[in-house]
Amino acid sequence: MLSFYNQLTGKKERFESLVPKIVKMYVCGVTVYDYCHIGHARSALVFDVIRRYLEFSGYQVEFVKNFTDVDDKIIKRANEQGVSCETITAKFIDAYDTDMGRLGIKRATKEPKATEHMAEIIELVDRLMQKGLAYEVAGDVYFQVDQYQAYGRLSKRKLEDLQAGARVEVDERKRHPMDFALWKSSKPGEPSWDSPWGPGRPGWHIECSAMSIKHLGETFDIHGGGMDLIFPHHENEIAQSCGATGKEFARYWIHNGFVQINQEKMSKSLGNFFTIREIFEKSKWPEAETGEMLRYFLIGTHYRSPLDFSDKSIEEAKNALNGFYDLFKRLKESEYRATADEGMIEAIERCKVAFREAMDDDFNTPVAIAELQRLKSDINKFMGQGLSTEARKIARVEFQLLGNNLGLLQFEKWQFVGKSRSGGIVVRPGTASLTITTFAPTVTVGQVSPETELSNEQIEQQIAERLDAKKKKNFAQADEIRKSLASHGIIIEDKPDGTSRWKR
RNA sequence: GGCGCCGUACCCAAGUGGUUAAGGGAGCAGUCUGCAAAACUGCGAUGCAGCGGUUCGACCCCGCUCGGCGCCUCCA
């Protein structure tokens, strides 16, 4: 039985969907005014894995992930560049799709945009006005926080506490300092829509309420996003939605932890972030492999814990994944013995159970991965005893099936070709706190191997020559070829039958 | 000021009131191999920041201390 931590209740709870076999899930996407960084990648990935696992568990998942395409930052960016907001948003939505695609993140079933839901947004604001939960001041509409008794139930804060520490200047026109904008009157030159309160645009929080209600209904199962959205964004969404409908909004709330650099939150204001595309561009590995390494690294830590990004962690992920792909390569080789077939089947069954237990327990991906590692090790042992060709195929399929939950182990093989070897990611730590705030992280060359690439044909040619030398017991020459290939990053593995396999 | 999180071996990282504290990476030793690689085997925290307390028993519960961080403002 699946259970996971519900931020709303502050406890790990057994999950039961509102409608049997169907899960309705809404996740806050991004504001499209810039390229996504690894923090965005983590969030998208966490919910991608959750979605995959829910599907694996037999649910049909209605997964809505929005794009915020009306916002101050977008307007600012458009003005800076002298282009329209649409130009900016179209560009970064496109970039989002590309970057997330490279990480193997599946598309949501619906990806609504705020600008396409003005009617629903206005209607929702109007409902709140009708109910006396909102008020208008000179074309702006605010939600009146103290009219919603349960305000603070998600973030576990009291209205009084919030006021005490408020660092923002209080807008005198508000009835309560924490009241937030549902509708903002537009200034000249800003995107605007007609409304009962004059031309304007929606506040940040209302779009998510409007879109989730429209696409998933007034009450739905799961709402997710980054930790930082708990307050005020999600708190406000709850207030607006419940206020308007009088019903429960999302029943389970899931929030992912941050990606950090040198123990600090990765953020634009600290200037310590890496964009996803910059990592792909600077990676010394091909795109598909880089994507899988990143994925492995990002889900190697439980989704609610912080995780520190570094070049070393990517390298570790690569080495860990290599173990699987090395095994897969050997699983493809034929064998007539079936000595250990039975044991292998047992091991696979054990792994399946353990894998599910791990994922059922608050989506514990690190443990799920550990189970796959254990299976890898088991199968290596069985292979030494003798696994039939059929058993080998079964093993490969099982890795693929379980790995699919994590979006891992789906490739036929890892192929380190077609990309120049001149990248690598290095995270340079700041030396003092003062440095860190102004520190711009650099993505630079890691391990440089300036050797020119060899084509597969060239490599095969060399290996044939070496084989020949070996047959003639000319080991000196054979070793010479091995050394030469090694200098190009090619590793040769001799098989028992005298032939060789190789890898980059 | 309010709310909250974290501190597990060289590194990453699970975990739990009572088995041998998962798994990975790196390292070392061995088996195998013409050499090598891979694989396999073994080694690696008498201890889970520190100090107290509760308990028959705590890494896990409580308190304090030290260290690091997050939210309360746009933020994945």
Legend entry - Minimum-distance nucleotide (side-chain atoms of T31(A) versus A76(B), G2(B), A13(B)): A76(B)
Legend entry - Contact under 4.0 Å: S377(A) side-chain N or O vs A39(B) OP1/OP2: no
Inset, instruction - Write down the distance separating the P atoms in C62(B) and U54(B), rounded off to the nearest Å. - result: 15 Å
Inset, instruction - Report which part of the nucleic acid I492(A) touches: base, sugar-phosphate, or nothing (heavy-atom distance under 4.0 Å, all strands). - result: base
Legend entry - Close aromatic pair by centroid cut-off 6.0 Å: Y33(A) and F92(A): no
Inset, instruction - Among A14(B), C72(B), G34(B), find the nucleotide with the atom closest to the side chain of P366(A). - result: A14(B)
Legend entry - Touch class at under 4.0 angstrom, heavy-atom based, for N319(A) against every strand present: sugar-phosphate
Inset, instruction - Measure the acute angle between the ring planes of F180(A) and F143(A), then classify it against the limits of 30° and 60° as parallel, tilted or perpendicular. - result: parallel
Inset, instruction - Determine the Euclidean distance between corresponding P atoms of A26(B) and U19(B); express it in Å to zero decimal places. - result: 32 Å
Legend entry - d(CE, M293(A); P, G25(B)) in whole Å: 14 Å
Inset, instruction - Check the distance between A76(B)'s P and L298(A)'s CG and give it to me in whole angstrom. - result: 16 Å
Legend entry - Partner nucleotide of G67(B) by Watson-Crick or wobble geometry (both distances under 3.5 Å): C6(B)
Inset, instruction - Under 4.0 Å between any heavy atoms, over every strand shown, what does F258(A) touch: base, sugar-phosphate, or nothing? Just pick one. - result: base
Legend entry - Side chain D69(A), main chain A114(A), donor-acceptor under 3.5 Å: yes
Inset, instruction - Give one of base, sugar-phosphate or nothing for R330(A), where a contact means two heavy atoms less than 4.0 Å apart. - result: sugar-phosphate
Legend entry - Under-3.5 Å donor-acceptor pair between D72(A) side chain and C74(B) base: no
Inset, instruction - Please tell me which of the listed nucleotides, C35(B), C69(B), A37(B), lies nearest to the side chain of R466(A)? - result: C35(B)
Inset, instruction - Could you list by number each residue of residues 467-484 of chain A showing a heavy-atom separation from RNA chain B of less than 4.0 Å, or answer none if no residue does? - result: K470(A), F475(A), D479(A), R482(A)
Inset, instruction - Among the candidates G24(B), C72(B), A38(B), find the nucleotide nearest to the side-chain atoms of F231(A). - result: C72(B)
Legend entry - Proximal nucleotide (of C69(B), A22(B), G24(B)) relative to the E264(A) side chain: C69(B)
Inset, instruction - Could you check whether M227(A) gets within reach of a base, just the sugar-phosphate, or nothing at all, counting any heavy atom under 4.0 Å? - result: nothing
Inset, instruction - Pick base, sugar-phosphate or nothing for V46(A), based on heavy-atom distances below 4.0 Å to the nucleic acid. - result: nothing
Legend entry - Separation of the C1' atoms in C64(B) and C10(B), to the nearest angstrom: 31 Å
Inset, instruction - Have a look at H302(A) and say if it touches a base, only the backbone sugar-phosphate, or nothing, with a 4.0 Å heavy-atom cut-off. - result: sugar-phosphate
Legend entry - Flag, side chain of K473(A) to backbone of K470(A), donor-acceptor distance under 3.5 Å: no
Inset, instruction - Using the C1' atoms only, state how far C69(B) lies from G52(B), rounded to an integer number of Å. - result: 26 Å
Legend entry - G18(B) versus C59(B) - spacing of their P atoms, nearest Å: 11 Å
Legend entry - Pair Y35(A) and Y96(A), ring centroids less than 6.0 Å apart: no
Legend entry - Given A76(B), C11(B), G23(B), the nucleotide with the shortest approach to the side chain of E316(A): C11(B)
Inset, instruction - Find out whether the Lys NZ or Arg CZ of R102(A) is both under 6.0 angstrom from the six-membered ring centre of F280(A) and within 45° of the ring's axis. - result: yes
Legend entry - W414(A) CH2 - A38(B) P separation (whole Å): 15 Å
Inset, instruction - Describe the nucleic acid contact of G225(A) in one word from base, sugar-phosphate, nothing, applying a heavy-atom distance below 4.0 Å. - result: sugar-phosphate
Legend entry - Base-pairing mate for A38(B) - Watson-Crick or G-U, with both contacts under 3.5 Å: none
Legend entry - Atom-pair distance (NZ on K12(A); C1' on U16(B)), nearest Å: 11 Å
Legend entry - Nearest-nucleotide comparison on RNA chain B, the residue closer to the 5′ end among D228(A) and K503(A): K503(A)
Legend entry - Out of A14(B), A22(B), G70(B), whichever nucleotide has its closest atom nearest the side chain of R374(A): A22(B)
Legend entry - Identified pairing partner of U54(B), criterion: Watson-Crick or G-U wobble below 3.5 Å: none
Legend entry - First of G300(A) and G226(A) reached from the 5' end of RNA chain B, by closest nucleotide: G300(A)
Inset, instruction - Name the closest nucleotide to the N380(A) side chain, picking from A76(B), A38(B), C40(B). - result: C40(B)
Legend entry - H223(A) and Y26(A) aromatic ring geometry - parallel, tilted or perpendicular at 30°/60° bounds: tilted
Inset, instruction - Look through every strand shown and name the nucleotide pairing with C60(B) as Watson-Crick or G-U wobble, where both distances are under 3.5 Å. - result: none
Inset, instruction - Identify whether any heavy atom of Q260(A) sits under 4.0 Å from a base atom; if not, whether one sits that close to sugar-phosphate; answer base, sugar-phosphate or nothing. - result: sugar-phosphate
Legend entry - Salt-bridge contact E80(A)-R77(A) (side-chain N to carboxylate O under 4.0 Å): yes
Inset, instruction - Validate the cation-pi geometry between R304(A) and Y5(A): distance from NZ or CZ to the six-membered ring centre under 6.0 Å, angle to the ring axis within 45°. - result: yes
Inset, instruction - Compute the ring centroids of F328(A) and Y325(A), then answer whether they are less than 6.0 Å apart. - result: yes
Legend entry - Spacing of I491(A) atom CD1 relative to A38(B) atom C1', expressed in whole Å: 10 Å
Inset, instruction - For K381(A), report the nucleic acid contact type (base, sugar-phosphate, nothing); a contact means any heavy atom under 4.0 Å. - result: sugar-phosphate
Legend entry - Donor-acceptor pair, side chain of Q477(A) and main chain of N474(A), under 3.5 angstrom: no
Legend entry - Any strand: nucleotide that pairs with G23(B) via Watson-Crick or wobble, under 3.5 Å: C12(B)
Legend entry - Watson-Crick or G-U counterpart of G1(B), or none if no pair lies under 3.5 Å: C72(B)
Legend entry - Gap between atoms CD and P, on E315(A) and G27(B) respectively (whole Å): 12 Å
Legend entry - Identity of whatever pairs with A45(B) - Watson-Crick or G-U, under 3.5 angstrom: none
Legend entry - d(NE2, H255(A); P, C3(B)) in whole Å: 20 Å
Legend entry - H255(A) and W253(A) aromatic ring geometry - parallel, tilted or perpendicular at 30°/60° bounds: parallel
Inset, instruction - Determine the interatomic distance between P on A22(B) and the same-named atom on U46(B); round to the nearest Å. - result: 13 Å
Inset, instruction - Would you mind classifying the nucleic acid contact of N364(A) as base, sugar-phosphate or nothing, using non-hydrogen atoms under 4.0 angstrom? - result: sugar-phosphate
Inset, instruction - Would you classify S267(A) as touching base, sugar-phosphate or nothing, given that sugar-phosphate means primed atoms plus P, OP1 and OP2, and contacts are heavy atoms under 4.0 Å? - result: nothing
Inset, instruction - Check every strand shown and say whether G257(A) touches a base, only sugar-phosphate, or nothing at a heavy-atom separation below 4.0 Å. - result: base
Legend entry - Same-atom distance (P) from G17(B) to G53(B), integer angstrom: 23 Å
Inset, instruction - State which of C71(B), C74(B), A26(B) makes the closest approach to the side chain of K73(A). - result: C74(B)
Legend entry - Spacing of the P atoms in A37(B) and U31(B) (rounded, Å): 14 Å
Legend entry - Closest to the H40(A) side chain, choosing from A76(B), G24(B), A38(B): A76(B)
Inset, instruction - Determine which nucleotide pairs with G17(B), using a 3.5 Å limit on both distances of a Watson-Crick or G-U wobble pair. - result: none
